[in-house]
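Proteins get letters first, then strands, A, B, ... in listed order; numbering begins at 1 in each. All values below come from the heavy atoms of this structure, side chains included, with hydrogens, waters and symmetry mates left out. Keep in mind that what you see is a predicted model, and the values were worked out from it rather than measured.
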There are 2 protein chains.
Amino acid sequence: MRSFNTASPASTFAPPAVAPGADLGPMSVRMSFAKEEEIYAQEEEADLVYRVVSGAVRITCLMADGRRHVAGFHFAGEFFGLESGEQHAFSAEALCDTVVAVAKRRLVERDGEIERLLWISTAREMSRLHAHMLLLSRKTACERVATFLVEMADRQGRQDSLFLPMGRQDIADYLGLTIETVSRMMTKLQADRLIEMEDPRHVRIRHGAALMDCCE
Amino acid sequence: MRSFNTASPASTFAPPAVAPGADLGPMSVRMSFAKEEEIYAQEEEADLVYRVVSGAVRITCLMADGRRHVAGFHFAGEFFGLESGEQHAFSAEALCDTVVAVAKRRLVERDGEIERLLWISTAREMSRLHAHMLLLSRKTACERVATFLVEMADRQGRQDSLFLPMGRQDIADYLGLTIETVSRMMTKLQADRLIEMEDPRHVRIRHGAALMDCCE
DNA sequence: CGACCGATTGAAAATGTTCAAGGCAGGTGG
DNA sequence: CCACCTGCCTTGAACATTTTCAATCGGTCG
């Protein structure tokens, strides 16, 4: 289920891609974050909207006993930080050196153009969340990893090769698996000649159609 | 007509039974659906917004090989049907006799008041989806069932007792478990004296604090 | 060179699933 | 009114997938 594969220029991502004009209107501010730096924290007040200008962002949540969950990743052009509560239930960190545009949510809500984009982005995000729930709820480990690779290739606007800006632990926490299982499935997909790994972060898709078949 | 016909005596489903004034503005239409009747189907065009007036709605998705996934349930006052694609990726069915308000999405977007409600509802739904992803990604079977019971009690505005308008299969597909596991966990929670089941759909919470501890 | 970090691999263990059977309540028809 | 069927839920036992625990590999950095 790939509902985000629109050839929208804002959703293309080549490793350190920049989304031209990905801002949040005249009242927004740009901020830079180093790799692994926190953009906002769990429990922090949530009245800002963010948009990735360049780089990549990870949304995470830590359970009391230490179990970690990655809710998603955001690339250039994408909005994030929208939550219903007063406080963030999740935290956001930069996966690599990243620039984001930040604005008070109230200000954005007055700008018709940005607001429209925000709606579109939100609707797309809802679809992504639904697809991801399906993955977490009913897919096998192998299907999850295959789906993840296809999703990433898609969001990078590529078909044949992809770069993973996140490590295995992030992937595992995103897919609801352990790091070992992710590793095993990557190895299996490679053994099955569907993909080829130059190194853990560079994947070449050898048989896209077959990989997609693995997604379900 | 508003009672949840489970073929059992008048079951009360307190607070969110009917949401007074839960409509979608002057351009909206009311529609009634019988138990298990389809409100919209997977693949159907998605340009309408829905709001539950009374009853309960289930959002489901069927995978090609028959695996089923329940994305959520909606009760009186709640919006549903918002999707980013042109077509619905999910279908919606009435859990019991249900009345919904329906409007063209474009019309709703012109009504300031409804639009505001829609934003709030959407943000809340996003939070719910995030919480649910965490559940699917990292919680054990027991934690899932306990979380589900607490969530349902919460949404019914109760602390001590709750009514489940859906069957075990729906719960299982919502929690990413099998019907047998759900049943076993319900039995376990009862054996542990945290809950008590009058019948499969009527649950009394005997020790709310302990049940909440089970949620994580 | 040695230490360290992330990724991979292997074997044992656990959690949840599958398959199979049985129980209970409601509805139907004799 | 009772017998029986049906649907839904529960229970049990074997099985499978994924996790856990532990060891190793390979590259990078000091």
Q: Mind telling me whether Tyr40(A) and Phe80(A) have parallel, tilted or perpendicular rings, with 30° and 60° as the class edges?
A: parallel

Q. Considering heavy-atom distances to DNA chain C, does Gln169(A) or Arg138(A) have its closest nucleotide positioned more toward the 5' end?
A. Gln169(A)

Q: Give a yes or no on whether Gln159(B) atom CD has more than 12 heavy-atom contacts from other residues, nucleotides or ligands under 6.0 Å away.
A: no

Q) Heavy atoms, side chains only, cut-off 4.5 Å: are Leu175(B) and His132(B) in contact? A) yes

Starting at [atom1] of [X] and ending at [atom2] of [N], how long is that distance when rounded to a whole Å?
X: Met166(B); N: dC9(D); atom1: CE; atom2: P; answer: 11 Å
X: Glu36(A); N: dC5(C); atom1: CD; atom2: P; answer: 14 Å
X: Leu136(B); N: dT18(D); atom1: CG; atom2: C1'; answer: 16 Å
X: Lys139(B); N: dT19(D); atom1: NZ; atom2: P; answer: 18 Å
X: Glu198(A); N: dG6(C); atom1: CD; atom2: C1'; answer: 18 Å
X: Lys188(B); N: dT15(C); atom1: NZ; atom2: C1'; answer: 13 Å
X: Gln190(B); N: dT11(D); atom1: CD; atom2: P; answer: 9 Å
X: Ile171(B); N: dC8(D); atom1: CD1; atom2: C1'; answer: 12 Å

Q: Consider only side-chain N and O atoms of Glu93(B) and Thr60(B), and report whether a donor and an acceptor are under 3.5 Å apart.
A: yes

Q. Hey, do the aromatic rings of Tyr174(B) and Phe73(B) have their centres closer than 6.0 Å?
A. yes

**Q.** Proximity to DNA chain D (any heavy atom under 4.0 Å), residues of residues 175-186 of chain B only
**A.** Glu180(B), Ser183(B), Arg184(B)

Q.
Holding to salt bridge (Lys or Arg N to Asp or Glu O under 4.0 Å), I want the full list of residues that pass it with Asp192(B), two or more places apart in sequence or in another chain.
A. Lys188(B)

